[in-house]
Q: 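A single structure is presented below for examination.
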Amino acid sequence: AQTVTQSQPEMSVQEAETVTLSCTYDTSENNYYLFWYKQPPSRQMILVIRQEAYKQQNATENRFSVNFQKAAKSFSLKISDSQLGDTAMYFCAFMRYNNNDMRFGAGTRLTVKP
Amino acid sequence: NAGVTQTPKFQVLKTGQSMTLQCAQDMNHEYMSWYRQDPGMGLRLIHYSVGAGITDQGEVPNGYNVSRSTTEDFPLRLLSAAPSQTSVYFCASSQAAWGYGYTFGSGTRLTVV
């Protein structure tokens, strides 16, 4: 079974600075998908960014980018120019290539301070 | 677009009671699933469905039943509620094509006393 580990239960960052959230995963698969989801206090789960394992290029969505290291099974999220609205729980998730079953890490609570 | 709609948003049950959490999506997604979210454990898969009439178990299926009679609806039934089922429950859906990620409902906070 695939496992997803987020080793930072809580993090904080000053507004306008950059922060990196860590995620590692364990799998024997070669093709798969990785995701970062944001959960603000409203509880809604919001897709931030996705990465296809067979693509070497790191995904980017505006201020959000990932550092995907396939050999190391690492998938970190970098948030640039942090904003107060980025305060949320962030979940890393893994999905096998031929299966819609998504597995989540335990989450990192990020607080952006003014 | 309504997306994924879950009802109710909050519920308190007594131990031993039964109830159904409703989930409906209007995006014609074939894949639907139920997760529970507990502090420090992320989201864990309860049951999922790859289409009408097809369901399967996830990581933590005990104490829950599901059925999928239509593409739109995927209710989750608690047969005899236990305090261990106190959690936040999320319904999610996605296209049949893999790797697109899920669209989530807004969640149901369930407390079993």
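So that the names make sense, note that chain A is the first sequence line, chain B the second, and so on, each numbered from 1. Because only heavy atoms are used, hydrogens play no part in the values below, and waters and symmetry mates are left out as well, while side chains stay in.
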Q: For the ring pair B:Tyr35 and A:Phe104, is the centre-to-centre distance below 6.0 Å?
A: yes
Q: Do the non-hydrogen side-chain atoms of B:Arg44 and A:Arg103 ever get within less than 4.5 Å of each other?
A: no
Q: Given that the side chain runs from C-beta out, which part of A:Gln39 has a heavy atom under 4.5 Å from chain B: side chain, backbone, both or neither?
A: side chain
Q: Could you state whether A:Leu84 and A:Leu110 fall into the same hydrophobic cluster, counting links through intermediate Ile, Leu, Val, Met, Phe, Trp or Tyr residues with side-chain heavy atoms under 4.5 angstrom apart?
A: yes
Q: If hydrophobic clusters are built from ILVMFWY residues whose side chains come within less than 4.5 Å, do A:Leu21 and A:Ile46 share one?
A: no
Q: When you look at NZ of A:Lys70, are more than 12 heavy atoms from neighbouring residues, nucleotides or ligands closer to it than 6.0 Å?
A: yes
Q: One pair to check against side chain to side chain contact (heavy atoms under 4.5 Å, CB included): A:Met45 and B:Leu43. What are the steps and the verdict?
A: CA-CA 11 Å; A:Met45 294 286 286; B:Leu43 281 76; 4.1 Å; yes
Q: Give a yes or no on whether B:Val50 and B:Trp34 share a hydrophobic cluster (residues Ile, Leu, Val, Met, Phe, Trp, Tyr; joining criterion: side-chain heavy atoms under 4.5 Å apart).
A: no
Q: Do B:Met32 and B:Val60 share a hydrophobic cluster (ILVMFWY, side-chain heavy atoms under 4.5 Å, transitive)?
A: yes
Q: Are B:Leu76 and B:Tyr48 connected in the hydrophobic side-chain network, where two residues link if heavy atoms are under 4.5 Å apart?
A: no
Q: Check the surroundings of atom CZ in A:Arg109: do more than 12 heavy atoms from other residues, nucleotides or ligands lie under 6.0 Å from it?
A: no
Q: So A:Arg43 and B:Val88, do their side chains get closer than 4.5 Å, heavy atoms only?
A: yes
Q: Do you know the tightest heavy-atom contact between A:Ala106 and B:Gly40?
A: CB-O, 3.4 Å
Q: Taking 4.5 Å as the heavy-atom cut-off, does anything in residues 103-113 of chain B contact chain A, and if so which residues?
A: B:Phe104, B:Gly105, B:Ser106, B:Gly107, B:Thr108, B:Arg109
Q: Using side-chain heavy atoms (C-beta onward) and a distance below 4.5 Å, is B:Phe90 in contact with A:Gln44?
A: no
Q: Side chain of A:Tyr37, backbone of B:Tyr102: donor and acceptor closer than 3.5 Å?
A: yes
